[in-house]
Amino acid sequence: MKKFLMFSIILVFGLFFYVPAWAETTDGITSSDYLILGTVEGTGIHFEVADSEYLNVTLDSSETITLRLESVPEMVTMYIEPALAATSTQITVIGFLASTKYYKYEDDYHNLVEFTTDGNGSYSWTQDISQSHLVFIQPRKSTKFIRNDSTGGDCYLIGEWNWSARTCTLTSDVNETIQIDSSYVTLDGNGHTVTGAGTGHGIQVTWKKGVTIKNLTIEGFISGINPLFSTNSTFTGNTISNNIFGIEVVYDSINNTFTGNSISSNNIGIYLDPLSHSNTLSGNTVQYSDRGIYIHSYSNILTDNTTVSNGYGINLGYESSGNTLTNNTASNNSYGIYLGDSSNNILTTNIVSNNRYGIILGDASYSILTNNTVSNNQYGVYIWYFSRDVTLTDNTACNNKLYDFWTDTSISILTESGNKCDKLYGYSINCTPCTPVDITVPSTTATISGYLGINDWYISDVTISLAAVDSDSGVKEIHYNIDGGIANSLISMLNNALDAKNNGNDHESDNIMQAFINYVEAQSGNQISESTADILINAATYIINN
């Protein structure tokens with residue numbers, strides 16, 4: 001069985017239906033189990049799905065095949081691969097609605113066969129197994145095709161086609177899948193919405209390169225955007241919500257860029273399968289998902305992404321290696337950044353705050369953490385489960401509730417230096433104390449001395465003594481003003497000069513303005529910047545001379 005069937009397909013649709021069951025102790029995470037509903041896989045001739053939230057189906061093959069069979073809302077999906085020397089097999093699927101029309105696609109939306117089940121909800125067909133195939137069956141047909149020809153394929157039905165720019169710009173909303181049939185074309189959503197009925201893919205890009213998808217709102221599909229065997233494409237400025245996968249990148253989709261997308265309320269925000277490597281994710285916002293950004297591949301770059309209010313903010317899963325995470329923000333998630341069963345990943349200058357767990361390394365050897373800020377989480381940096389040869393330099397883990405750094409006895413730290421923390425639990429981590437954050441307002445008292453007359457009026461010069469106390473960090477200096485400070489004093493002098501001028505007292509007005517100049521000169525470089533003082537003095541001099 002090829003590697004993609006074992007790893008990438010495992011998570012293409014089924015993850016939406018797992019129920020994660022975390023076992024915890026007072027020391028933190030100890031193990032995890034997954035129950036995947038509606039899915040069965042293996043090698044043989046008979047397969048049964050008995051726990052689907054959609055249809056419980058049975059598949060029989062006349063030849064031995066390797067199969068992953070999934071039954072998810074309004075879609076039955078088969079990933080079929082030959083196991084022996086046969087080139088074709090007879091497949092029978094039982095469990096559909098009786099005497100009902102369905103639509104069977106093979107590999108993409110062009111290869112369509114419409115069929116009607118028999119009275120037992122059964123359907124049979126001859127399937128090529130000389131090579132691997134993706135077959136999906138759904139209860140409704142719906143696709144628009146965009147390609148580089150005189151009309152842009154179906155673009156003229158839903159938008160405006162610019163052939164020279166190879167761009168389809170939507171002029172209306174679309175209630176079906178849009179498939180891109182040519183490389184180097186652009187689909188500009190122009191603020192319009194592509195809406196599904198809980199099945200299929202919003203935007204399908206298969207075996208294409210140089211495609212741009214932008215400015216779309218996509219909702220109500222299995223996958224909002226689904227690049228398949230596609231490269232060097234750009235997906236930017238899209239709003240993607242209420243799908244199972246917001247963006248699902250599978251099957252050797254490499255060197256693509258996903259930037260500035262707003263992705264929310266999907267089960268998985270962005271997913272990269274094991275073969276879809278060397279992609280760039282930048283400036284995306286992912287929230288309200290079970291997994292915000294879920295990576296199962298290598299050599300990807302994640303920078304300036306924001307993950308908020310997810311189960312997992314950023315999750316690097318099985319065999320994720322050589323990924324670089326820089327300047328990402330993970331906040332208010334259950335797990336901020338989680339590295340599990342991965343290696344050689346680099347985390348630099350990420351901000352991880354207000355999560356339950358900040359950064360977790362679970363069997364994540366050769367990880368490098370540098371200049372990350374981990375604060376106000378319940379657990380800060382948690383290193384466990386045979387994470388070997390970890391490098392920790394110049395990280396700040398402060399103000400976390402239970403601990404800042406924790407390691408178990410199975411891990412080893414290759415390099416550690418320059419780390420800061422408040423509390424230290426576990427083994428091998430050395431850190432210097434965090435700089436305390438002073439949130440206490442100094443207490444200031446004023447003492448007045450002079451000769452007091454009647455009605456609390458002073459009849460002599462008054463001396464005011466100020467004293468400030470700060471028990472946390474001490475008092476550096478005291479700033480004060482009287483009756484609004486210097487600004488009010490200058491305004492008052494200008495008003496007096498104006499009154500004198502209006503009353504015909506030019507000499508008095510000039511005297512006041514000269515006092516104004518003297519006052520500004522005295523405060524130049526002190527309470528008034530030198531540049532501002534020059535402007536005020538020149539203006540006052542002009543008024544006196546004119």
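None of the values given here were measured: they were computed from a predicted structure.
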Have Gln179 and Thr177 got a donor and an acceptor in their side chains that come within less than 3.5 Å? no
If you apply the rule side-chain contact (heavy atoms from CB on, under 4.5 Å), what do you find for Leu112 with Thr143, and how did you get there? CA-CA 11 Å; Leu112 168 64; Thr143 313; over 6 Å; no
Is there a side-chain contact between Asn279 and Phe258 in this structure, where contact means two heavy atoms from C-beta onward sitting under 4.5 Å apart? yes
Please find the pair of heavy atoms, one from Gly198 and one from Ile222, that lie closest to each other, and give the distance. O-CD1, 3.7 Å
Strictly by modelled atom types, are Asn419 and Asn395 linked by a side-chain donor-acceptor pair under 3.5 Å? yes
From the list Ile180, Thr257, Thr186, side chain to side chain contact (heavy atoms under 4.5 Å, CB included) partner of Thr212 resolves to Thr186
Side chains of Asn327 and Thr349, donor plus acceptor under 3.5 Å: yes
Donor-acceptor under 3.5 Å (Ser223 side chain, Ile225 main chain): no
Looking at Asn232, is its backbone amide N or carbonyl O close enough to the side chain of Asn255 to form a donor-acceptor pair, meaning the two atoms are under 3.5 Å apart? no
Polar contact flag, side-chain donor to acceptor under 3.5 angstrom, Ser262-Thr239: no
Greater than 12 external heavy atoms within 6.0 Å of Tyr366's OH: no
So among Trp384, Tyr403, Phe405, which one has a ring pair (Phe, Tyr, Trp, His ring centres under 6.0 Å) with Tyr379? Tyr403
Residue that, paired with Asn355, satisfies side-chain hydrogen bond (donor to acceptor under 3.5 Å, both in side chains) out of Asn333, Thr307, Asn310, Asn332: Asn333
Judged by atom type as modelled, is there a donor-acceptor pair below 3.5 Å linking the side chain of Ser253 to the main-chain atoms of Phe229? yes
Exactly one of Asn372, Asn305, Leu369, Thr303 should register a side chain to side chain contact (heavy atoms under 4.5 Å, CB included) with Asn350. Which one does? Asn372
For Glu319 and Asp341, run side-chain contact (heavy atoms from CB on, under 4.5 Å): C-alpha distance rounded to whole Å, both residues' side-chain angles, the deciding distance at 0.1 Å, then the answer. CA-CA 6 Å; Glu319 290 196 337; Asp341 200 5; over 6 Å; no
Does either side chain, that of Thr348 or that of Thr370, offer a donor lying less than 3.5 Å from an acceptor on the other one? no
Side chains of Asp273 and His296: is there a donor and an acceptor less than 3.5 Å apart? no
Ser282/Thr259 under side-chain hydrogen bond (donor to acceptor under 3.5 Å, both in side chains): CA gap, chis, key distance, verdict: CA-CA 5 Å; Ser282 67; Thr259 180; 3.2 Å; yes
Around Tyr288, counting heavy atoms of other residues, nucleotides and ligands shown, do more than 12 lie under 6.0 Å from its OH? no
Before giving the answer on disulfide bond (SG atoms under 2.5 Å apart), spell out for Cys421 and Cys398 the whole-Å C-alpha distance, their side-chain angles and the decisive distance to 0.1 Å. CA-CA 5 Å; Cys421 67; Cys398 299; over 6 Å; no
Please list, chain by chain and in numerical order, all residues satisfying salt bridge (Lys or Arg N to Asp or Glu O under 4.0 Å) with Asp149, sequence neighbours excluded. Arg147
Quick one, Leu228 with Gln204, criterion side-chain contact (heavy atoms from CB on, under 4.5 Å). Give me CA distance, side-chain angles, the key distance, then yes/no. CA-CA 8 Å; Leu228 187 77; Gln204 181 72 55; 3.8 Å; yes
Chi angles and distances behind the side-chain contact (heavy atoms from CB on, under 4.5 Å) call for Tyr251, Thr206: CA-CA 10 Å; Tyr251 299 126; Thr206 304; over 6 Å; no
Salt bridge Glu176-Arg140, side-chain N to carboxylate O under 4.0 Å: no
Please tell me if the side chains of Asp404 and Cys431 come closer than 4.5 Å, counting only heavy atoms from C-beta onward. no
To the nearest 0.5 Å, what is the distance between OG on Ser297 and OH on Tyr318? 14.0 Å
Less than 6.0 Å separating the ring centroids of Trp161 and Tyr156? no
So, do Asn399 and Asp422 sit near enough that their side-chain heavy atoms are less than 4.5 Å apart? yes
Less than 4.5 Å apart, side chain to side chain, heavy atoms only: is that true for His192 and Val174? no
Could you check whether any side-chain N or O of Asn300 sits under 3.5 Å from a backbone N or O of Ile295, counting only pairs where one atom can act as donor and the other as acceptor? no
Using 30° and 60° as the class boundaries, would you call the ring planes of Tyr338 and Tyr312 parallel, tilted or perpendicular? perpendicular
For Lys104, I'd like to know if atom NZ has over 12 heavy atoms of other residues, nucleotides or ligands within 6.0 Å. yes
Any donor-acceptor N or O pair under 3.5 Å, side chains Asn261, Asn238: yes
Which residues share a ring pair (Phe, Tyr, Trp, His ring centres under 6.0 Å) with Phe136, sequence neighbours left out: Tyr105, Tyr109
